[in-house]
There are 2 protein chains.
Amino acid sequence: MSPRRRDAEGTAAARAERRAELLATAAEVFASQGYAATTIRQVADAAGMLGGSLYYHFDSKESMVDEVLSTFLDDMWASYEEVLAAGLGARETMEALVVASFRSIDRHRPAVVIYQNESKLLAASERFGYLRDSHRRFQEMWISLLARGTAEGAFRPDLDAGLVYRFIRDTVWVAANWYQRGGRLSADDIAKQYLAMVLEGISASRD
Amino acid sequence: MSPRRRDAEGTAAARAERRAELLATAAEVFASQGYAATTIRQVADAAGMLGGSLYYHFDSKESMVDEVLSTFLDDMWASYEEVLAAGLGARETMEALVVASFRSIDRHRPAVVIYQNESKLLAASERFGYLRDSHRRFQEMWISLLARGTAEGAFRPDLDAGLVYRFIRDTVWVAANWYQRGGRLSADDIAKQYLAMVLEGISASRD
DNA sequence: CACTCTACCAAATGGTTGTTAGAAAGAATG
DNA sequence: CATTCTTTCTAACAACCATTTGGTAGAGTG
């Protein structure tokens, strides 16, 4: 490769790194203050620069959340695909999906918080149509998994399928609101306990 | 009572009614758009009046959420007090609390959504200190109930107490995001299914 | 009919927002 | 050392925000 080429690659890589850095702090501010409530100047403050300077790196405030959310979703779906491709039984698939979800929270905590709080609002706009797509895909994945599990005799047949789906979906993701990396419980610890609760219940009685 | 007295009561009642009416539409807009993202003009639009006119009834946008949230919390705690005063066993108390929570969602759905999405942000300000108090009280109530239940042998001892608390807290309230009055499942139906899942789990196996 | 009171409207206020354009600082390059 | 390129700053912009002020239509009251 020519020197010109190497330089171009070097600066492109540096630029991408700075971009990711700024995006990470933006995600944290969005997550803690709420997207609509945070000003571009607050994000710039957290990044140690002035408001206008952010526009050298990003087109708009909207494009920042866009990149935060789509990066997270791409990563999440990649890990889901791996699980689904393994061809496990319904219960094992469910366990693996829950573990993958908590690891996703571990890697993208601010993005998950933003996704939870703002996706409903953002999804209304054209630009964030992929949020609606992801949501639909997520729902179909779980509903069919639960149906398969019930047919296989792994899950109780006396529960409302839609309710169970929402239950799992919600319980998995809300944890992002209080989870912190390096805390008392690791993401895998939490996944294990969550699975114990959801699968076997918190009751001591076995009737 | 004198006629003057009766008139004063009449207009005071009418005023309170209008207030509650406006507050209900404000709560709905806040819940669907997010508090920070909704403008006072949007609320006024939904109420069929102009932005400035709302200030005849309310001091500020902040005082609107304030009234919405405190009304909900007062009602919720009143129903919790009733349950706690009944002196039931740990498991029965838990069941009654969950049922009371879902009935609370049924009565104050928009308020619950607002509480979920915005309380963390609002609680930072002096005015909404009661949100922090309520949260602390809620946590103490559940933690001690779970401890009692574990001591009584009603709940599994192998789960992390703090995790179970958050699990229950979250699963109970997120339902406000999709619940709709008069839907396929009543609030009591949902409470029953949620309790079945949380207490006994969704797994078919009983090992 | 005169008067008052309630509930709203019309129009403006100061402040904040996202965003832009042009200058400048500094490192990299020749 | 001169030049270029990258990144930031300075200083604005129009749009929009919550809120205020003063007016007014209309119902209720005497």
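To find a chain, count down the sequence lines: A is the first, B the second, and so on, and within it residues start at 1.
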Under-4.0 Å side-chain N/O to phosphate OP1/OP2 contact, [X] with [N]:
{"X": "Arg41(A)", "N": "dT19(C)", "result": "no"}
{"X": "Ser53(B)", "N": "dC9(C)", "result": "yes"}
{"X": "His57(B)", "N": "dT6(C)", "result": "no"}
{"X": "Tyr56(B)", "N": "dC8(C)", "result": "no"}
{"X": "Arg18(B)", "N": "dT6(C)", "result": "no"}

Take atom [atom1] of [X] and atom [atom2] of [N], then tell me their distance rounded to the nearest Å.
{"X": "Asp66(B)", "N": "dA18(D)", "atom1": "CG", "atom2": "P", "result": "17 Å"}
{"X": "Ile40(A)", "N": "dC9(D)", "atom1": "CD1", "atom2": "P", "result": "14 Å"}
{"X": "Gln42(A)", "N": "dT16(C)", "atom1": "CD", "atom2": "P", "result": "12 Å"}
{"X": "Met64(B)", "N": "dT19(D)", "atom1": "CE", "atom2": "C1'", "result": "11 Å"}
{"X": "Phe58(A)", "N": "dT19(C)", "atom1": "CZ", "atom2": "P", "result": "13 Å"}
{"X": "Glu62(B)", "N": "dT19(D)", "atom1": "CD", "atom2": "P", "result": "8 Å"}
{"X": "Arg15(B)", "N": "dT6(C)", "atom1": "CZ", "atom2": "P", "result": "7 Å"}

Please tell me which of the listed nucleotides, [options], lies nearest to the side chain of [X]?
{"X": "Met49(B)", "options": "dT7(D), dT19(C), dC9(C)", "answer": "dC9(C)"}
{"X": "Thr39(B)", "options": "dC17(D), dT20(C), dT19(D)", "answer": "dC17(D)"}
{"X": "Lys61(A)", "options": "dT19(C), dT17(C), dC8(C)", "answer": "dT19(C)"}
{"X": "Leu50(B)", "options": "dC17(D), dT19(D), dC9(C)", "answer": "dC9(C)"}

(message) Is a donor from one side chain sitting under 3.5 angstrom from an acceptor on the other, for Trp77(B) and Ser134(B)?
(response)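 Present: a donor and an acceptor within the cut-off.
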
(message) Whether the Asp106(A) and Tyr179(A) side chains hold a donor-acceptor pair (N or O, under 3.5 Å, no angle test) is what I'd like checked.
(response) yes

(message) Can you see whether Trp178(A) has Arg166(B) sitting over its ring - NZ or CZ less than 6.0 Å from the centre and within 45° of the normal?
(response) yes

(request) Under 4.0 Å between any heavy atoms, over every strand shown, what does Thr38(A) touch: base, sugar-phosphate, or nothing? Just pick one. (result)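 The answer is sugar-phosphate, as Thr38(A) gets under 4.0 Å only of primed atoms, P, OP1 or OP2.
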
(message) Under 4.0 Å between a side-chain nitrogen and a carboxylate oxygen: does that hold for Lys61(A) and Glu67(A)?
(response) no

(request) Tell me, with the steps shown, if Asp75(B) and Tyr80(B) meet side-chain hydrogen bond (donor to acceptor under 3.5 Å, both in side chains). (result) CA-CA 9 Å; Asp75(B) 184 70; Tyr80(B) 280 0; over 6 Å; no

